[in-house]
Amino acid sequence: MQVVRTIRDYRAARAELAGPVGLFPTLGGVHDGHLALVDRARSECASVVGWLFLNPTQFGPNEDLDRYPHDEAFDLAQLEAHGVDLLLMPSQEEIYPAGFDTLVHVGGVTGRLEGERRPGHFDGVTTIVLKLLNIMQPDRAYFGEKDAQQLRVVRQLVRDLNLPMEIVACRTVRDPDGLALSSRNAYLSDEERADALALSRGLRLVEAAFASGERDADRLRALVRGEMEAAPLVRVDYVSLSDDETLEELSGAIEPPALLSLAAHVGQTHLIDNVTLGHRE
Ligand code: PAF
């Protein structure tokens, strides 16, 4: 794996790569969920490029930027072992030079769920994602379904701005007990981790109810909320059952596919998870 730290060096190395080129972007804190994206890119693309940059603008003032997990040597070893060909780790100064003064804003879909509760978060995401797609020039970019809203926002950005690349969605990777993998799981104490399992348990309850024919939006939401509220260390931020694409909240009998998504604080740690109910025709 070739590691470069400037855009200029990246561009020179990118020019030598065989296509199609698949991109895996990360903030760091690499875990098996990230590596599944790399593996998928590796299996579908002639070359795999990685972007590793802890982007400050997508963190709110009271969020976890200062303690976000990072272990550069570990991350690099993992990415190399999984076959990344070229990794760009740009500096803060090159990405946000003095005088940087542009924000990319996607409408509609950013106003709900995480966007409603984390003001400015998605503007930070869309600005850096547009920058990184411009810099990296992939043919395909791989994003996880775990960040369901981010995935929809990125698709909207790519569609609206006619970016010439495909966004590939990859399934959420879970620990054997159901916990969705996240860099933030590293913050959880043993007790918090045990209670955090209520999130995926709740989602499984909803999937089972949906499979048995339950379609009422309120009853489906109540199932997962009840499971989460029974865990003492879990504070529910939201439970949403929404249109799979627009993320508008559903009521009455739902028409699949629908996105059941949730967020909670477990201790001080913000966790999100989701499942899709039903499939597109
Ligand atoms: O999903 C992430 O890790 C980040 O939001 C991304 C896409 C790398 C942008 O900083």
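As the structure lists them, so they are numbered: ligands from 1, and atoms in each ligand from 1. What you see is a predicted model, and the numbers here were worked out from it, not measured in a lab.
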Does one hydrophobic cluster hold both Val173 and Val48, with members joined at side-chain heavy-atom distances below 4.5 Å?
no

According to the side chain to side chain donor-acceptor pair (under 3.5 Å) rule, which pairs have a member within residues 14-32, sequence neighbours left out?
none

If we number the atoms of ligand 1 from 1 as shown, the ones under 4.0 Å from a heavy atom of Phe143 are 7 (C)

What's the shortest distance from atom 10 (O) of ligand 1 to any protein heavy atom, and which residue and atom give it?
Gln58 OE1, 2.7 Å

Pair Val153-Val125, side-chain contact (heavy atoms from CB on, under 4.5 Å): steps then yes or no:
CA-CA 9 Å; Val153 171; Val125 169; 5.6 Å; no

Applying a 4.0 Å heavy-atom criterion (strictly less than), which segment of Ile128 is in contact with ligand 1: side chain, backbone, both, or neither?
side chain

Assigning hydrophobic clusters by single linkage (Ile, Leu, Val, Met, Phe, Trp, Tyr; side-chain heavy-atom cutoff under 4.5 Å), is Val49 placed with Leu52?
no

What about Met1 and Leu37, same hydrophobic cluster or not, with Ile/Leu/Val/Met/Phe/Trp/Tyr joined at side-chain heavy-atom distances under 4.5 Å?
yes

Sub-3.5 Å N/O-N/O distance, Trp51 and ligand 1
no

Output the list of atoms in ligand 1 that are nearer than 4.0 Å to some heavy atom of Gln150, sorted by atom number.
1 (O), 2 (C), 4 (C), 5 (O), 7 (C)

